Amino acid sequence: MAELPQNVKGMNDILPPEVAKWQFVEEKARQILDAFAYRELRTPILEYTPLFQRTVGETTEVVEKQMYTFPDRDGSSVSMRPEGTASAVRAYIARSQWNREPVTRWYYLGPMFRHERAQRGRLRQFHQIGAEVFGIPGPSVDAEMIAMLVALLLDLGLAAVDLEVAVNSLGDPDERATYREALRAYFSAHADKLDDFSRRRLESNPLRILDSKDPRVQALAASAPILLDTLGERSRQHLAAVRGHLADLGVASQVDPRLVRGLDYYTGTTFEIKAKVGGLGAQNTLAGGGRYDRLVSSLGGPEIPAIGFALGVERVLLAMSQPAESFESGLTLYVAVLGEKARAFALPLAHRLRLGGIRTEIEHREIGLKAQLKRADALRTRLALMIGDNELAAGKFVLRDLVKREQSEVRADEIEPRIRQAMD
RNA sequence: GUGGGCGUAGCUCAAUGGUAGAGCAUCGGACUGUGGCUCCGAGGGCUGGGGGUUCGAAACCCCUCGCCCACCCCA
């Protein structure tokens, strides 16, 4: 066993029954994103490391300890993308996209990589469906995006009562800086009650102390200064407007003042959608996102506001109660073959049917008819066409409906129309 | 990075120191060319790997590899 090849830890194969469920999710996502006027963007999985350092943030957990970073053959440092927004913004700037259209809506879908300890709902290669909107500053697009996410999750079969929509505002960079100092002052005064983790965060990222699960720190955080209180009128109105629009769209939201996203580029609105269903384990955040109004300019582009989200595909899959098998459809036709002469006749016949779009399996092995029909059952096939010496001699073939348990004899030229008839 | 749990047939799991088993799945037969049910049968295991204790280890001890769960982090 030990010498068998193994897959890299936290990176899994996804096999056929499960893949059908993936395809269902991807298809629904594409449908709804398409309906909301998004277009697909595809970017490389590898980027130069500084891109992530400058966007996600030098001091964030993701960049500090979780990236797959290695030297390229020319010595430059490259990293496997830990998230999708950085690449989208890079592409946006590289193409001067703002000169092509005033508003850009992009979505992407694919694998992301973070070197974390794997657990339920958290893998080292995981998959996100994400979207970005560039060029709209107003709160209505924030609400639109959140409502779209909720619609997608409902479309996938999740129940509204199981979803929690949390929103918050991080304010503009100035407000955030002011708040950061207020927090630092507050927690510094109570430094003796902080755990080691939080104490280190004092300097680098005091906002993250609010997220601590340490009971003493939580108690402390409960009476810490609240970001919303230090926000200016503009930010507060923006958040209120987002919630108002959400209500208009039929989405109930809660303000979570401690919703501090772990990526540095966020400004203003942040949001998170959690699912309260079994099967998810401790990682119950299905999607998260927010505004990053300063990111485009900080990477050398013009001042373009933007907002985005990412949805964790694996987590959505876990939250969906339907088994993977239920997303797989059976075959239409199984061609049972008895003998080499029959096979020589059946092969081109099956070929034609397949090219005509009829999902067909043909038996290539020398096995009995009984075994072939069992195989047809296992493949959840609708019809079986039986071809043996008798049929060849008579020029008539047995077409059996495996669901109705009825069969009839058909001439060669009747086969395809009869199959199409049965498919309706 | 820290802590805990678990590795026995393809899958889910029994066997607590004394001959490695069951269910499901697979294959075959009953039914020599007609499926899902039933009955009968078969194949399949260096019990993750290595070392130790013992007359004897799947079990006890050590090491190692792997998986899982949680902390943390986040999708």
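Please read these numbers as outputs of a predicted model, since none were measured by experiment. Values reported hereafter were calculated over all heavy atoms of this structure, with side chains retained and with hydrogens, waters and symmetry mates removed. Order of the sequence lines fixes the chain letters, A, B, ..., with proteins taken first and strands second; residue numbering starts at 1 for each chain.
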May I ask you to evaluate whether [X] reaches the phosphate of [N], defined as a side-chain N or O under 4.0 Å from OP1 or OP2?
X: Lys9(A); N: C67(B); value: yes
X: Lys370(A); N: G35(B); value: yes
X: Arg120(A); N: C69(B); value: yes
X: Gln119(A); N: A70(B); value: yes

Same-atom distance ([atom1]) from [N] to [M], integer angstrom:
N: A59(B); M: C6(B); atom1: P; value: 14 Å
N: U34(B); M: G28(B); atom1: P; value: 14 Å
N: A14(B); M: A22(B); atom1: P; value: 16 Å
N: U38(B); M: A57(B); atom1: C1'; value: 42 Å
N: C37(B); M: A30(B); atom1: C1'; value: 14 Å
N: G23(B); M: C67(B); atom1: C1'; value: 24 Å
N: C40(B); M: C31(B); atom1: C1'; value: 13 Å
N: G50(B); M: U12(B); atom1: C1'; value: 29 Å

(request) Identify, between Glu314(A) and Arg122(A), the residue whose nearest nucleotide on RNA chain B lies closer to the 5' end. (result)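 Result of the comparison: Arg122(A).
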(message) If you assign each of Leu369(A) and Arg315(A) to its closest nucleotide in RNA chain B, which residue comes earlier from the 5' end?
(response)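 The residue mapped nearer the 5' terminus is Leu369(A).
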Does any nucleotide pair with [N] by Watson-Crick or G-U wobble geometry, both distances under 3.5 Å, and what is it?
N: C37(B); value: none
N: G56(B); value: none
N: A75(B); value: none
N: U2(B); value: A70(B)
N: G44(B); value: none
N: C11(B); value: G23(B)
N: U16(B); value: none

To the nearest angstrom, how far is [X] atom [atom1] from [N] atom [atom2]?
X: Arg365(A); N: U26(B); atom1: CZ; atom2: P; result: 12 Å
X: Gln6(A); N: C65(B); atom1: CD; atom2: C1'; result: 7 Å
X: Met112(A); N: C73(B); atom1: CE; atom2: C1'; result: 17 Å
X: Ile367(A); N: G29(B); atom1: CD1; atom2: C1'; result: 15 Å
X: Gln128(A); N: A75(B); atom1: CD; atom2: P; result: 7 Å
X: Glu116(A); N: C69(B); atom1: CD; atom2: C1'; result: 15 Å
X: Asn12(A); N: A75(B); atom1: CG; atom2: P; result: 20 Å
X: Arg382(A); N: G35(B); atom1: CZ; atom2: P; result: 19 Å

Touch check for [X], heavy atoms < 4.0 angstrom, all strands: base, sugar-phosphate only, or nothing?
X: Glu272(A); result: nothing
X: Gln125(A); result: nothing
X: Leu123(A); result: base
X: Leu338(A); result: base
X: Arg375(A); result: nothing
X: Ala376(A); result: nothing
X: Met386(A); result: base
X: Gly130(A); result: nothing
X: Gln283(A); result: base
X: Leu263(A); result: sugar-phosphate

Taking [X] first and then [Y], would you say they form a salt bridge - that is, a charged N and a carboxylate O separated by under 4.0 Å?
X: Lys274(A); Y: Glu272(A); result: yes
X: Arg343(A); Y: Glu340(A); result: yes
X: Glu164(A); Y: Lys276(A); result: yes

(request) For Glu83(A) and Gln128(A), work out which heavy atoms get closest and say how close. (result) CA-OE1, 4.2 Å
(request) Identify the residue among Glu363(A), Arg375(A), Arg400(A) that makes a side-chain hydrogen bond (donor to acceptor under 3.5 Å, both in side chains) with Tyr334(A). (result) Glu363(A)
Considering only [options], which nucleotide approaches the side chain of [X] most closely?
X: Gln407(A); options: C73(B), U34(B), G35(B); result: U34(B)
X: Glu391(A); options: G33(B), A75(B), C73(B); result: G33(B)
X: Ala282(A); options: A70(B), G35(B), C73(B); result: A70(B)

(message) Can you tell me if Arg294(A) has over 12 outside heavy atoms packed within less than 6.0 Å of its CZ?
(response) no
(request) Classify the side chain of Asp389(A) and the base of G33(B) as holding, or not holding, a donor-acceptor pair under 3.5 Å. (result)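 Between G33(B) and Asp389(A), which were checked side chain against base, a qualifying N/O pair under 3.5 Å is absent.
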(message) With hydrogens left out and only the distance checked, is there a donor-acceptor pair under 3.5 Å joining Arg117(A)'s side chain and the base of C73(B)?
(response) no
(request) Examine Tyr292(A) together with Tyr266(A) and report whether their ring centres are nearer than 6.0 Å. (result)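 Ring centres of Tyr266(A) and Tyr292(A) not closer than 6.0 Å.
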(request) Give me the one residue out of Asp256(A), Val251(A), Leu239(A), Asp142(A) that meets side chain to side chain contact (heavy atoms under 4.5 Å, CB included) with Val167(A). (result)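 Of the listed residues Asp256(A), Val251(A), Leu239(A), Asp142(A), the side chain to side chain contact (heavy atoms under 4.5 Å, CB included) partner of Val167(A) is Leu239(A).
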(request) Step by step, work out the ring pair (Phe, Tyr, Trp, His ring centres under 6.0 Å) result for Phe397(A) and Phe345(A). (result) CA-CA 12 Å; Phe397(A) 307 89; Phe345(A) 177 84; 5.1 Å; yes
